[in-house]
Amino acid sequence: MNPGKFYSQEEQKHNAQSKLLSKKSSVLSTTRVVIFLTLLIGIIYLVNLRELQWSIGLTFLLVTIMAVLVRWHNKIKYKLRIANNSLGIISRERSRIKLEFSNEPTGEEFEDEHHPYSSDLDLFGKKSIFQLVDQTTSFFGKNKLVEWLKNDAGKPEIEKRQQAAIELANNQEWCLQYRSVGLTESLTNEQVDEFTEWMNEPPKLLQNKALKIASLILPTFFIMVAIGAYIFGYTLYATLPILIVSGIILSRQTKYAKLTVDQTFKTIGTLEVLSNQVELLETAEFNSDYLKEIKGRLLNPNNASEATRHLHKLLDRIQARNNMLHIFFNLAFLLDIWALLALEKWRQANAGQATQWFDTLATSETLISLSGMYFNFPEWVAPQFTDEIYTLKAEHLAHPMLKKEAVPNNFTFEGEGQTYLITGPNMAGKSTFLRTVAANWILAQTGAPVRASTFIFDPRAQVFTAMRVKDNLNESVSSFYAELDRIKQLIERISSGEKCLYFLDELLKGTNSADRHKGAESLIKQLHKLDATGFVSTHDLELGELASKENYVHNYSFESIIDNDLITFDYTIREGISSSFNACALMRKMGIEVKE
């Protein structure tokens with residue numbers, strides 16, 4: 001389906017749901033207040049008449065009715081959040097298609113200047129590839145996406161990702177629902193760590209047989225005495241000895257109960273979200289191997305959605321100990337003990353599963369992000385593979401972050417030890433072309449579509465860039481020395497056996513022309529001996545003469561047209577050394593008096 005049509009239909013549907021649910025929520029809020037006040041007045045009236053049994057009965061009724069109403073209201077508010085989340089997602093996806101990311105996470109925290117390519121290719125930050133791809137809803141989903149963007153994958157893994165993402169792209173209604181559920185609550189890294197630590201703690205009460213017996217006998221005695229008081233008319237104070245014994249038992253576990261509450265308090269709301277997401281995965285019918293594998297991880301060894309939903313209910317019980325009414329019921333029925341025993345039993349049955357659940361959900365979110373790329377940009381293509389090392393055959397290739405008016409180019413390279421020398425005047429498109437090839441290569445290795453009509457590549461080659469090398473005053477490092485250090489990293493990687501596809505922009509620009517030419521020529525020859533292939537952009541036209549001596553150097557260029565100081569560009573790559581210059585014209589436009 002056309003993305004625009006799909007988002008319009010979903011917007012209309014969720015708008016209607018949002019209005020209906022908002023009205024229901026408002027009515028139910030008023031109903032809760034009216035019922036609470038009515039029953040509370042009744043309880044106060046009965047207490048004043050010293051009708052203790054009736055006042056206790058009405059209190060039970062109040063608690064029961066309010067619990068039912070609160071649960072009902074929470075379900076409506078949850079559905080309302082889902083509908084509103086869907087509307088927010090639709091708005092963001094429409095902006096993403098137009099390459100507008102004003103409110104999207106930038107991923108700046110993942111920037112790494114020592115990474116082989118992330119700083120040079122705008123992988124993170126404003127108007128970055130991360131913003132283009134990211135549709136995750138959790139921090140662990142974002143971490144997984146970053147992991148895929150920063151690390152190359154082999155052909156089998158990329159094919160698995162492609163197949164799964166394309167299948168999900170054809171089921172965007174499900175993806176929208178999954179993402180909307182994920183946005184209802186959020187977990188931090190620290191919360192997940194606390195939860196995982198709690199999951200792995202050994203049991204403290206399960207082996208205590210005396211405590212188990214007491215938790216059965218004392219509540220039974222309390223019920224019997226209370227019923228006897230009601231039937232035979234004697235005072236409820238007869239239950240006091242039982243409550244005292246229960247209080248002593250509970251006091252010994254207060255610290256443990258409080259610690260459990262503290263460790264799980266921040267995750268309880270998210271458990272419902274996790275269980276709903278897990279259930280969506282478990283109940284979906286998938287065809288691709290990767291999605292079936294993900295589904296299998298959640299069903300074995302235990303059903304993850306049932307386990308997390310059960311845990312959510314158990315934690316609800318232990319969290320209720322902060323309620324004033326809970327104090328009385330806790331003394332009467334040892335609710336804390338029952339809750340702690342049930343939690344330990346659950347933990348014992350699901351030990352070690354939390355890490356797998358979070359990783360599985362992270363993978364699902366990342367695949368949904370890739371599917372969004374296939375859906376939002378249907379004119380982009382799924383990369384194909386070749387077994388020929390250092391090979392690319394691309395048609396109508398354009399930078400993924402440029403608007404629709406970007407000029408596409410066709411380009412092919414193949415073979416080890418080849419250097420593609422790109423010359424041209426300022427602003428003609430040399431650096432953008434290098435980033436175009438490199439950025440699409442990274443998307444292809446991630447499993448995403450690329451902005452081209454044809455893209456056949458060898459995924460074994462790993463991108464390495466030296467394009468935005470900066471000086472560092474704190475470390476007394478000049479930009480030229482920083483560039484040399486970057487090149488040293490490249491040589492070390494290649495020497496260690498890595499297949500690096502290098503992109504060197506304005507090579508050795510920080511030194512004089514003579515040293516630059518000599519150094520660049522020497523480096524190209526060294527990289528050839530190491531069987532590495534890549535691109536070098538330069539203003540040094542003499543460097544292009546190396547192609548007449550060495551058959552592994554290939555000249556390509558961009559040109560500009562100057563007409564009465566008016567400079568225009570066609571941004572089309574062509575074979576050969578550049579024959580145009582525009583520096584003087586540009587300087588004259590900036591007010592610098594340059595003689596003809």
Side-chain angles (χ1 to χ4, degrees), residues 114-121 152 386 388-394 411-424 430-431 433-442 445 457-469 479-511 513-557 573 575-578:
H114 301 294
H115 187 266
Y117 52 78
S118 68
S119 295
D120 290 334
L121 299 182
D152 62 291
T386 177
E388 300 174 21
I389 191 67
Y390 287 123
T391 296
L392 173 66
K393 297 176 182 177
F411 198 81
T412 297
F413 66 79
E414 58 185 344
E416 294 180 308
Q418 307 297 304
T419 295
Y420 295 86
L421 200 63
I422 313 296
T423 54
K430 303 185 300 300
S431 300
F433 179 74
L434 264 61
R435 290 191 176 90
T436 296
V437 176
N440 280 293
W441 195 281
I442 297 307
Q445 287 187 319
F457 81 122
D458 167 39
R460 290 170 294 176
Q462 303 169 35
V463 170
F464 189 96
T465 62
M467 306 179 75
R468 286 179 180 160
V469 181
S479 59
F480 179 66
Y481 186 85
E483 183 179 11
L484 292 180
D485 184 63
R486 189 74 175 169
I487 292 170
K488 178 187 175 185
Q489 294 176 39
L490 170 63
I491 293 172
E492 288 174 346
R493 283 176 173 268
I494 298 170
S495 300
S496 69
E498 286 188 24
K499 297 294 184 181
C500 288
L501 178 64
Y502 59 84
F503 296 82
L504 310 179
D505 189 31
E506 301 291 354
L507 184 59
L508 304 178
K509 54 183 173 290
T511 189
S513 57
D515 284 343
R516 179 176 65 234
H517 177 82
K518 184 177 180 180
E521 184 175 313
S522 300
L523 177 60
I524 289 171
K525 290 179 178 179
Q526 184 176 359
L527 291 172
H528 168 69
K529 291 177 182 178
L530 292 170
D531 290 331
T533 291
F535 293 78
V536 174
S537 74
T538 182
H539 285 283
D540 183 1
L541 301 183
E542 292 181 19
L543 194 59
E545 300 299 328
L546 188 60
S548 62
K549 305 173 187 176
E550 307 290 354
N551 62 3
Y552 56 82
V553 178
H554 312 273
N555 282 312
Y556 286 86
S557 61
I573 196 167
E575 291 191 49
I577 303 173
S578 174

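Hydrogens, waters and symmetry mates play no part in the numbers below; they use all other heavy atoms, side chains included.
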Q462, R493, Q489 screened by side chain to side chain contact (heavy atoms under 4.5 Å, CB included) with P116, the one that passes: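 Testing each of Q462, R493, Q489 against P116, the sole residue satisfying side chain to side chain contact (heavy atoms under 4.5 Å, CB included) is R493.
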Can you spot which of L546, I524, I577 makes a side chain to side chain contact (heavy atoms under 4.5 Å, CB included) with L421?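 Of the listed residues L546, I524, I577, the side chain to side chain contact (heavy atoms under 4.5 Å, CB included) partner of L421 is I524.
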With sequence neighbours left out, write down each residue that passes ring pair (Phe, Tyr, Trp, His ring centres under 6.0 Å) with H528, or none if nothing qualifies.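 Checked H528 against ring pair (Phe, Tyr, Trp, His ring centres under 6.0 Å); matches are Y552.
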Report the residues that fulfil ring pair (Phe, Tyr, Trp, His ring centres under 6.0 Å) with Y420, sequence neighbours left out, ordered by chain and then residue number.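 Scan of Y420 (ring pair (Phe, Tyr, Trp, His ring centres under 6.0 Å), adjacent residues dropped) gives F411, F413, F535, H554.
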Is it the case that the side chain of [X] and the backbone of [Y] share a donor-acceptor pair, with hydrogens and angles ignored and the cut-off at 3.5 Å?
X    : Y    : result
R486 : M467 : no
Q445 : A461 : yes
T533 : G415 : yes
K430 : I422 : no
Y390 : R460 : no

Could you check whether T391 and D458, counting side-chain N and O atoms only, form a donor-acceptor pair closer than 3.5 Å?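 No - no donor-acceptor pair under 3.5 Å links their side chains.
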Between K499 and E416, is a salt bridge (charged side-chain N to carboxylate O under 4.0 Å, His left out) present by the stated rule, with each step listed? CA-CA 9 Å; K499 297 294 184 181; E416 294 180 308; 2.9 Å; yes
Partners meeting side chain to side chain donor-acceptor pair (under 3.5 Å) with Q526 (sequence neighbours left out):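 Q526 satisfies side chain to side chain donor-acceptor pair (under 3.5 Å) with no residue once adjacent residues are dropped.
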